[in-house]
Amino acid sequence: MKSRGIVNATRRLIGARKLGSATLLGKAEEEARHALTHARAWIERTNPRDEEAQQNFRTVVAATEDLERALLEGGAGA
């Protein structure tokens, strides 16, 4: 897994909140929850063995934490 999709979901969520569109916000929150579910599952089953895999794992974990915070800040829950 790469962090790009998680980061993009976080950015879309923040952007939708700034725009104030209920439709965009609903879609962004749905996408964010979906990305969060997949990221959490990946984190739980991944056991990085080499340095490159460990770095990717840390990047995905950090992006996932950012997404969780973004969802919680909007009151959407995780």
Side-chain angles (χ1 to χ4, degrees):
M1 172 173 252
K2 300 292 180 190
S3 62
R4 183 178 353 165
I6 303 164
V7 170
N8 287 340
T10 303
R11 288 179 180 160
R12 279 190 284 277
L13 179 60
I14 292 168
R17 285 192 183 129
K18 288 180 182 177
L19 288 174
S21 167
T23 303
L24 287 177
L25 183 57
K27 289 180 180 182
E29 286 178 342
E30 182 180 340
E31 177 189 6
R33 285 189 295 271
H34 181 75
L36 185 59
T37 298
H38 283 277
R40 285 177 175 164
W42 182 85
I43 289 167
E44 286 184 24
R45 72 176 180 264
T46 300
N47 183 16
R49 299 189 184 270
D50 61 28
E51 183 57 37
E52 184 177 342
Q54 289 173 5
Q55 180 58 40
N56 182 58
F57 182 82
R58 288 189 294 268
T59 302
V60 170
V61 168
T64 302
E65 290 169 351
D66 289 344
L67 180 55
E68 287 174 325
R69 275 191 298 279
L71 276 168
L72 291 173
E73 287 171 2

Trainee: Mark yes when over 12 heavy atoms from residues, nucleotides or ligands other than Glu30 sit less than 6.0 Å from its CD; otherwise mark no.
Mentor: no
Trainee: Under the side chain to side chain contact (heavy atoms under 4.5 Å, CB included) rule, collect the residues that match up with His34, sequence neighbours excluded.
Mentor: His38
Trainee: Under the rule for side chain to side chain contact (heavy atoms under 4.5 Å, CB included), what residues qualify as partners of Asn47, not counting sequence neighbours?
Mentor: Arg49
Trainee: Please give the remaining members of the hydrophobic cluster of Leu19, linking ILVMFWY side chains under 4.5 Å, ordered by chain and number.
Mentor: Leu24
Trainee: Considering non-hydrogen atoms only, spot the tightest contact between Glu29 and Leu71 and give its length.
Mentor: O-CD2, 4.3 Å
Trainee: Linking I/L/V/M/F/W/Y whenever their side-chain heavy atoms sit closer than 4.5 Å, directly or via other members, would Ile6 and Val61 fall into one cluster?
Mentor: yes
Trainee: Does Lys27 offer a backbone N or O that forms a donor-acceptor pair with the side chain of Arg12 under 3.5 Å?
Mentor: no
Trainee: Quick one: pull up CG in Leu36 and CG in Asp66 and give me the separation to the nearest 0.5 Å.
Mentor: 11.5 Å
Trainee: Rounded at 0.5 Å granularity, tell me how far CG in Asn8 sits from NZ in Lys2.
Mentor: 14.5 Å
Trainee: Is Asn56 reaching over with its side chain to a backbone N or O of Met1, donor-acceptor style, under 3.5 angstrom?
Mentor: yes
Trainee: Once rounded to the nearest 0.5 Å, what's the spacing between atom CZ of Arg69 and atom OG1 of Thr64?
Mentor: 10.5 Å
Trainee: With sequence neighbours left out, what residues match Ala41 under side chain to side chain contact (heavy atoms under 4.5 Å, CB included)?
Mentor: Arg45
Trainee: Any chance CD of Glu52 has more than 12 other-residue heavy atoms, nucleotides or ligands included, within less than 6.0 Å?
Mentor: no
Trainee: Quick check for you: to the nearest 0.5 Å, what is the distance between Gln54 atom CD and Thr46 atom OG1?
Mentor: 12.0 Å
Trainee: Please list all pairs meeting ring-ring contact (aromatic ring centres under 6.0 Å, His included) that have one or both residues in residues 53-73, counting only residues at least two apart or in different chains.
Mentor: Trp42-Phe57
Trainee: Where do Val7 and Leu67 land on the side chain to side chain contact (heavy atoms under 4.5 Å, CB included) test, with the steps shown first?
Mentor: CA-CA 7 Å; Val7 170; Leu67 180 55; over 6 Å; no
Trainee: Write down the atom of Val60, the atom of Ser3, and the distance for their closest heavy-atom approach.
Mentor: CG2-N, 4.0 Å
Trainee: Not counting sequence neighbours, which residues clear side-chain hydrogen bond (donor to acceptor under 3.5 Å, both in side chains) with Gln55? List them please.
Mentor: Arg58, Thr59
Trainee: Quick one: CD1 on Ile43 to CD on Glu65, what's the gap to the nearest 0.5 Å?
Mentor: 7.5 Å
